[in-house]
Amino acid sequence: MVEHSALSVTRQGYDAVAPAYAQMFRDSLRDSPLDRAILGVFAEAVSASGDDGQVADLGCGPGHVTAHLDELGLSAFGVDASPAMIELARQAHPRLRFDVGSMAALDIADGVLGGVLSRWSVIHTPPPELPVILGEFHRVLAPGGHLLVGFSATDGPSHPTQVFDHTVAPAYRWWPDHLAAMLRKSGLAEVARMVREPQPTDRRQFQEVHLLARKTQAGAA
C-alpha cells in the first residue's frame with residue numbers, strides 16, 4: 001500500500017527533530033496547569049465510565065503525556081507515526097507500551113478502548129482526510145468511551161480551517177464549532193471544551209482548544 005504523502009512528510013519531519021523535540025517538551029506539563037487540569041478531567045471521565053479498557057495516546061511523541069496518564073491511574077499506551085519518537089519514548093518510559101502506527105489505520109481492535117487522547121496530533125492531517133481519522137477514533141472506542149482532542153483555533157467562525165507555519169510539517173488550525181460538528185458526524189458527542197487564550201510571550205497568537213467528547217451508543221461507524 002502506498003503511504004499517504006502527508007503522513008510520510010510528517011513522519012520524516014518528526015524523525016529529523018525527535019531528540020530536540022523530546023528535550024523541549026519533556027517538562028512541558030509542569031508549567032501548564034490548565035493542560036494538567038483537562039487531562040485530569042479526561043482521566044476521571046474515563047474512570048467514571050466504568051470501562052476497564054485501555055487508553056491510547058495517539059501521536060504520543062516522546063511519551064511524556066502517556067506517562068502522565070499512567071500517573072493518573074489509566075492503563076495508557078502510546079502510538080506515533082515517527083519511529084524515532086517511539087524509540088525515545090521507549091527509552092524514557094521502559095515500563096510503558098509504545099507502538100509505531102498511523103491514526104488513519106490503527107492496529108487496534110474495534111471497541112476496546114476506554115479513552116483516546118489526541119493532543120495536537122490531528123493538526124497535520126489535511127482537512128478533507130480528517131473524517132477518516134475521526135472514524136478510527138470512533139471505531140476503537142468502546143460505547144461511552146471518551147476522546148480528548150487538542151488543537152489550535154482559527155481566527156474566527158468564518159475560517160473553518162487555516163494553514164499555519166508549523167516548523168516540522170504542514171499544519172492546520174480548526175474553528176472549534178466546526179471540529180465539534182465533525183465529531184458529531186462521527187458519532188462523538190461533545191461533553192466539554194477548554195479554550196486557552198494566547199499569552200503575550202507565545203510565539204503564535206492562537207487560542208488553544210481541547211474538546212472532550214463521548215462515543216454515543218449508536219454513533220456512526
**Student:** Taking the side chain from S102 and the backbone from A104, do they hold a donor-acceptor pair closer than 3.5 Å?
**Tutor:** yes

**Student:** In plain terms, say whether D177 and R193 are close enough for a salt bridge, that is, a side-chain N and a carboxylate O under 4.0 Å apart.
**Tutor:** yes

**Student:** What is the distance from atom CG of L148 to atom OG of S118, rounded to the nearest 0.5 Å?
**Tutor:** 8.5 Å

**Student:** Check whether F164 and V209 end up in the same hydrophobic cluster, where Ile, Leu, Val, Met, Phe, Trp and Tyr are linked by side-chain heavy atoms less than 4.5 Å apart.
**Tutor:** yes

**Student:** Salt-bridged, D35 to R119, with N to O below 4.0 Å?
**Tutor:** yes

**Student:** Within the structure provided, determine whether F77 and V55 are in side-chain contact (heavy-atom separation under 4.5 Å).
**Tutor:** no

**Student:** Could you check L39 against V65 for side chain to side chain contact (heavy atoms under 4.5 Å, CB included), going step by step and ending with a plain yes or no?
**Tutor:** CA-CA 9 Å; L39 288 170; V65 179; 4.2 Å; yes

**Student:** With a 4.5 Å limit on heavy-atom distance, are the side chains of T216 and L188 in contact?
**Tutor:** no

**Student:** Please find the pair of heavy atoms, one from A153 and one from P176, that lie closest to each other, and give the distance.
**Tutor:** CB-CD, 4.1 Å

**Student:** Any idea which heavy atoms bring R36 and R30 closest together, and the distance?
**Tutor:** NH1-O, 2.8 Å

**Student:** With no hydrogens and no angle check, just 3.5 Å: does a side-chain donor-acceptor pair link S152 and W174?
**Tutor:** no

**Student:** How long is the gap from CD on E136 to CG on D110, to the nearest 0.5 Å?
**Tutor:** 8.5 Å

**Student:** How far apart are the C-alpha atoms of M103 and F137, what are their side-chain angles, what is the distance that settles it, and do they pass the side chain to side chain contact (heavy atoms under 4.5 Å, CB included) test?
**Tutor:** CA-CA 8 Å; M103 293 189 298; F137 292 171; 4.0 Å; yes

**Student:** Answer yes or no: is there a donor N or O on one side and an acceptor on the other, between the side chain of T154 and the main chain of G156, under 3.5 Å?
**Tutor:** yes

**Student:** Test of understanding: with ring pair (Phe, Tyr, Trp, His ring centres under 6.0 Å), list the residues that count as partners of Y172, not counting sequence neighbours.
**Tutor:** none

**Student:** Answer yes or no: is there a side-chain heavy-atom contact under 4.5 Å between E190 and L212?
**Tutor:** no

**Student:** Please check if the side chain of D80 supplies one atom and the backbone of S82 the other of a donor-acceptor pair under 3.5 Å.
**Tutor:** yes

**Student:** In the structure I gave you, are the side-chain heavy atoms of K215 and L147 within less than 4.5 Å of one another anywhere?
**Tutor:** no

**Student:** Check ring pair (Phe, Tyr, Trp, His ring centres under 6.0 Å) between H146 and all other residues, then give those that pass, not counting sequence neighbours.
**Tutor:** none

**Student:** Mind checking whether T66 and F98 have side chains closer than 4.5 Å, heavy atoms only?
**Tutor:** yes

**Student:** Could you tell me if the side chain of L179 sits less than 4.5 Å from the side chain of L130, heavy atoms only?
**Tutor:** yes

**Student:** Hey, could you give me the CE/CG distance between M182 and L211, rounded to the nearest 0.5 Å?
**Tutor:** 12.0 Å

**Student:** Closest heavy-atom contact between S49 and G144?
**Tutor:** CB-O, 4.2 Å

**Student:** What distance do E208 atom CD and I38 atom CD1 have between them, rounded to the nearest 0.5 Å?
**Tutor:** 12.5 Å

**Student:** Is the shortest side-chain heavy-atom distance between H210 and V149 below 4.5 Å?
**Tutor:** no

**Student:** In Å and rounded to the nearest 0.5 Å, what is the CD to OG distance from Q54 to S75?
**Tutor:** 4.0 Å

**Student:** Do L96 and V100 share a hydrophobic cluster (ILVMFWY, side-chain heavy atoms under 4.5 Å, transitive)?
**Tutor:** yes

**Student:** Can you name the closest pair of heavy atoms from A56 and L113 and give their distance?
**Tutor:** CB-CD1, 3.6 Å

**Student:** I'd like to check the ring pair (Phe, Tyr, Trp, His ring centres under 6.0 Å) partners of H124; sequence neighbours left out, ordered by chain and number.
**Tutor:** Y14, H166

**Student:** Should W175 and L183 be regarded as members of a common hydrophobic cluster, given that ILVMFWY residues are connected when their side-chain heavy atoms come within less than 4.5 Å of each other, either directly or indirectly?
**Tutor:** no

**Student:** With clusters defined by side-chain heavy atoms of hydrophobic residues (ILVMFWY) lying less than 4.5 Å apart, directly or transitively, does L7 cluster with V132?
**Tutor:** no

**Student:** If you group Ile, Leu, Val, Met, Phe, Trp and Tyr by side-chain heavy-atom gaps below 4.5 Å, do V122 and V163 land in one group?
**Tutor:** yes

**Student:** Give the minimum heavy-atom separation between Q205 and P200, together with the two atoms involved.
**Tutor:** NE2-O, 4.1 Å

**Student:** More than 12 foreign heavy atoms under 6.0 Å from CG of D165: is that the case here?
**Tutor:** yes

**Student:** At their closest point, which heavy atom of A109 faces which heavy atom of R139, and how far apart are they?
**Tutor:** C-NH1, 3.7 Å

**Student:** Does R97 use its side chain to pair, donor to acceptor, with the backbone of G78 at less than 3.5 Å?
**Tutor:** no

**Student:** For a 4.5 angstrom cut-off between non-hydrogen side-chain atoms, does V79 reach D57?
**Tutor:** no

**Student:** Has R173 got its NZ or CZ under 6.0 Å from the middle of the six-membered ring of F206, at an angle within 45 degrees of the ring axis?
**Tutor:** yes

**Student:** What is the distance from atom CZ of F42 to atom CG of L74, rounded to the nearest 0.5 Å?
**Tutor:** 6.5 Å

